[in-house]
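Read the numbers this way: they start at 1 and go in the same order the structure lists the ligands and their atoms.
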Amino acid sequence: MYRKIFEFIDSCEETAVELQIELTKRPAVSPVSGGEGELDKCLFLEKWLKEHGIDTLERYDAPDPSAKGGVRPNLTAVIEGTNGALPCFWIMSHLDVVPAGDLSLWNSDPWIVTRKDGKLTGRGVEDNQQGLVSSVLAALAFVKLKIRPEHTLKLLFIADEECNSNFGINWLMENKRQLFKKGDFVLVPDSGDPAGETIEIAEKNSLWLKVRTSGVQAHAAYPEKGRNACLAGADLMLRLRKDLMKKFSARDSLFDPDYSTIEPTKKEANVPNINTIPSEDVFYMDIRLLPRYRVNDLLEEARRVKLGIEQEYGVQVDLSIVQSKESEATPADSPIVKMLSVACKQVLGRDTRTIGIGGGTVAAFLRNEEIDAVGWCTLDNSLHQPNEYCVIKNMLDDAKVMAHIAAQSKFAMQSEFMAQK
Ligand SMILES: [Zn+2]
């Protein structure tokens with residue numbers, strides 16, 4: 001069975017390239033980035049899927065008056081599995097793309113795909129049309145060969161991934177949560193490495209902190225008449241970093257770097273002249289905690305340090321959250337991780353390893369709803385750059401891995417899922 005599926009996928013190279021060309025012609029740029037949204041691209045994809053025999057489609061439109069048609073479309077395609085008792089296998093890719101950027105840096109029109117040396121070039125061909133097309137090929141194999149996968153395979157094409165997902169997966173989680181059943185698992189083919197060896201299962205909990213120190217302005221020759229906000233702020237910056245690094249000092253080899261990062265970053269200007277003691281000081285910190293630590297616990301510790309500074313310098317310090325994101329990790333022994341690593345080994349002869357990352361991804365929205373989600377695909381990471389490209393072979397190979405996961409049952413027995421959940 002697998003051999004037939006893989007041969008079919010290999011025979012689809014021209015179909016995949018055609019689909020990439022058509023998708024790229026329809027720039028699904030978010031209205032906040034100056035585009036019209038995903039409607040044209042989604043309508044095209046719906047039509048294309050229907051014409052190719054994938055007709056169990058459902059649209060979930062998030063209202064957005066600033067987008068074409070007043071909506072940001074999310075689309076699902078369902079390939080029924082043989083075992084309805086099993087959880088569903090979702091492959092989630094995104095329809096939207098980032099703008100082309102500086103056109104003079106492109107060697108060709110970003111919205112017209114060029115093909116050379118086994119690669120396609122164009123905006124969106126890697127991020128995220130490569131993963132999108134791979135998932136379509138996997139589904140197509142089952143439909144065309146009239147083979148039913150073991151798991152029900154659900155393709156999810158979401159809007160608004162490049163901005164904040166408020167019209168995409170975040171909106172679906174808030175308005176259509178019932179789409180996902182307990183135990184369902186999700187592959188997000190939107191992050192990876194050129195060898196396709198890393199499975200992303202966790203991200204650090206992040207916090208952007210704004211620290212405002214207020215003192216009293218004075219002539220720099222008579223500092224005792226003022227309260228130096230710059231001095232107090234500088235001391236606070238160093239103490240925060242030192243104390244927090246000490247308190248949140250665990251190591252976790254899943255991550256690179258393997259520790260929580262606590263870095264002062266942006267600094268706002270204060271007085272324009274050198275001989276004035278400033279009454280205001282504002283700096284920011286970018287904090288990324290290992291998942292075992294909670295943002296609130298860090299804030300509590302930061303407030304303790306701040307109190308010490310306020311007392312010592314007679315200033316007032318205000319800590320405010322610019323942005324904060326927390327998510328659970330997907331367990332390294334969860335069924336999707338096992339099935340994916342088995343598929344990589346059996347289909348491509350690859351050994352995989354699990355990793356965590358410092359930045360935030362859409363998988364966090366799923367993990368926070370107790371849905372196991374992993375990021376994986378094989379890509380050179382040319383995304384968001386001029387001359388973004390996709391390696392055609394990666395697109396086909398990843399499709400085989402996806403089909404293998406949908407078809408395999410070894411790690412998907414009901415009892416094992418029940419024990420896990
Ligand atoms: Zn992406």
Exercise. Taking everything shown except K246 itself, do over 12 heavy atoms lie less than 6.0 Å from its NZ?
Worked result: no
Seminar exercise, completed: Of all N, O or S atoms in H94, the one closest to the Zn ion (ligand 1) is NE2
For this session: Specify whether an N/O/S atom of E162 falls short of 2.8 Å from the Zn ion (ligand 1).
Result: no
Exercise. In D127, the N, O or S atom nearest to the Zn ion (ligand 1) is which?
Worked result: OD1
Exercise. Quick check: are there more than 12 heavy atoms from other residues, nucleotides or ligands sitting under 6.0 Å from CZ of R3?
Worked result: no
For this session: May I ask you to say whether K400 pairs ionically with D10, meaning some side-chain N is under 4.0 Å from a carboxylate O?
Result: yes
Exercise. Should the pair F185 and H151 be assigned to parallel (<30°), tilted (30 to 60°) or perpendicular (>60°) ring geometry?
Worked result: perpendicular
Problem set entry | E161 near the Zn ion (ligand 1) via N/O/S, less than 2.8 Å | no
